[in-house]
Amino acid sequence: MLTNLNDMLHNAYEEHYAVGSFNGYSYETFRGIIEAGRKAGNAPIIAAFGAKYLSNMTLKNAYSIIASIAEECPNQQICIHLDHCKDRSVIIQAIRAGFGSVMFDGSALPFGENVERTKEICDIAHACGVSVEAELGSLQAGMNSHEGEVTDREIYTNPEQAKEFVEKTGVDALAVSIGTVHGMYKGVPKVRTDILSEINNEVGIPLVLHGGSGTPEQTIRACIKNGISKINVNTEISMAAVECAAGKIVERPHLSVLSFTVERCVEETVLKYIRFFKEGNNN
Ligand code: 13P
């Protein structure tokens, strides 16, 4: 069953668990992501397609692939989400294509402009029943990342600004910068759950953690306790699938085998995350 973020995240926020948002770029990756949700007892799942991957497929292709797989899973909540998009016209195309949720990434803009442009997207999306995620602050780039830019600097989200941002834009979920990185960490992760706790006290809406890959379990539990309800994972899934595929290509060099191997490996990695996110901070 296709939904938007609000249908999933409010419950997660209240009950202190997180919904995984996993990036796909092909039939195999989306199928692996959704199958993992089914195997985890029809866990709600966010199938994310980043604007960065428009060279892999169009928005309509992404929507059709995910929606047709979702038809086979009537008891599973699935949100088709546009990840990291700076372009208003691409966001409108995603809404037209049927996406239930979009992320406007104005994190590199001055605060006032980020507010103004996010609000405009919220007005358009909400009129169509589509939820909006926005970002305040900036994540650093780690290793093997496809997100953001290599030059991205770490700028923590300011809690008071976050309050003003949420009030002025009416955004449904806010991505925060608290020390996670896009990609794998170059050193020991230093995640500022103290800043997260302040943000959570100020805004009271579901918060989003980008850069889930490689973040220690204890840190993730502390984040979920402090308002994180959606966790994005991309790099680690891709790295695991590439490793499986590299082994298989030597053993059985046929594309159909490779395609199946990728799907299974994505499913396995995503399943591990879903189980852990569902436990939330209850362990
Ligand atoms: P990672 O690639 O670090 O898991 O981050 C994913 C992400 O934040 C997608 O928006």
Side-chain angles (χ1 to χ4, degrees), residues 5 9 18-25 29-30 32-33 36 45-54 56 62 66 79-87 90-91 94 99 101-108 131-150 152-157 171-191 196 206-217 219-220 223-224 228-243 265-266 268-274 276-277:
L5 284 189
L9 296 192
V19 179
S21 179
F22 304 102
N23 289 77
Y25 352 83
T29 46
F30 286 127
I33 291 165
I45 196 137
I46 299 160
F49 180 68
K52 186 145 220 162
Y53 298 109
L54 278 168
N56 292 60
I66 304 167
C79 174
I80 306 180
H81 176 73
L82 177 70
D83 194 27
H84 285 291
C85 185
K86 299 176 193 301
D87 187 334
V90 173
I91 289 183
F99 280 54
S101 180
V102 292
M103 175 188 186
F104 172 65
D105 181 355
S107 58
S131 55
V132 180
E133 172 186 336
E135 180 165 325
L136 197 58
S138 165
L139 263 68
Q140 215 169 21
M143 291 185 298
N144 299 338
S145 176
H146 257 193
E147 314 288 347
E149 314 294 332
V150 279
D152 282 346
R153 280 187 311 130
E154 181 169 76
I155 303 168
Y156 294 132
T157 306
V171 76
D172 302 286
L174 182 69
V176 293
S177 172
I178 52 166
T180 55
V181 303
H182 277 134
M184 304 308 283
Y185 292 87
K186 287 177 183 150
V188 180
K190 290 192 198 77
V191 179
L196 176 63
L207 299 173
V208 181
L209 191 74
H210 282 245
S213 294
T215 307
E217 289 196 3
T219 306
I220 288 188
C223 288
I224 294 174
I228 293 292
S229 315
K230 170 177 180 278
I231 302 180
N232 292 14
V233 186
N234 183 358
T235 309
E236 206 172 323
I237 303 167
S238 159
M239 285 172 66
V242 167
E243 202 181 309
C265 187
V266 168
E268 218 173 276
T269 315
V270 170
L271 190 55
K272 181 191 81 177
Y273 272 111
I274 298 176
F276 172 48
F277 293 164

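Just so it is clear, the values below take in all heavy atoms, side chains as well, and ignore hydrogens, waters and symmetry mates. All residue numbers refer to positions in the sequence shown, counting from 1. Just follow the structure's listing: the first ligand is 1, and inside any ligand the first atom is 1.
Residue-level proximity to ligand 1 for Met184 is absent, since no heavy atom of it falls below 4.0 angstrom. Proximity of Thr235 to ligand 1, defined as any heavy-atom pair under 4.0 Å, is shared by backbone and side chain alike.
Near Val233, meaning under 4.0 Å from any of its heavy atoms, are these atoms of ligand 1: 4 (O). Less than 4.0 angstrom separates some heavy atom of Asn232 from each of these atoms of ligand 1: 4 (O), 6 (C), 7 (C), 8 (O), 9 (C), 10 (O). Within the listing of ligand 1, atoms 3 (O), 5 (O), 7 (C), 8 (O) sit less than 4.0 angstrom from a heavy atom of His182. Under a 4.0 Å criterion applied to the non-hydrogen atoms of Gly183, ligand 1 contributes the atoms 1 (P), 2 (O), 3 (O). Interface atoms of ligand 1 facing Gly211, defined by a heavy-atom separation under 4.0 Å, are 1 (P), 3 (O), 5 (O), 6 (C), 7 (C), 8 (O). Residue Asn23 has at least one heavy-atom neighbour below 4.0 Å for each of these atoms of ligand 1: 9 (C). Every atom of ligand 1 with a heavy atom of Asp83 under 4.0 Å away is listed here by number and element: 9 (C), 10 (O). Set against the non-hydrogen atoms of Ser213, the atoms of ligand 1 under 4.0 Å away are 1 (P), 2 (O), 3 (O), 4 (O).
Look at Glu236 and you'll find every heavy atom at least 4.0 Å from all atoms of ligand 1. Residue-ligand proximity: Val181 is placed with a non-hydrogen atom under 4.0 Å from ligand 1.
To the nearest 0.5 Å, atoms OG (Ser138) and OH (Tyr156) are separated by 11.5 Å.
For the residue pair Tyr185 and Ser213, no side-chain donor N or O sits within less than 3.5 Å of a side-chain acceptor on the partner.
Between Lys190 and Glu154 there is no salt bridge, since no side-chain N of the basic residue sits under 4.0 Å from a carboxylate O of the acidic one.
Closest approach of Ser107 and Gly137 over heavy atoms only: CB-O, 3.1 Å. For Val208 against Asn232, the heavy-atom pair with the smallest separation is CG1-OD1, 3.8 Å. Annotation for Phe30 and Ala47: closest pair CD2-CB, 4.2 Å, computed over non-hydrogen atoms.
Relative ring orientation between His210 and His182 is described as perpendicular, the plane-to-plane angle rising above 60° on a 0-90° scale split at 30° and 60°.
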Q | Verdict with supporting geometry, His84 and Glu135, side-chain contact (heavy atoms from CB on, under 4.5 Å) | A | CA-CA 9 Å; His84 285 291; Glu135 180 165 325; 3.5 Å; yes
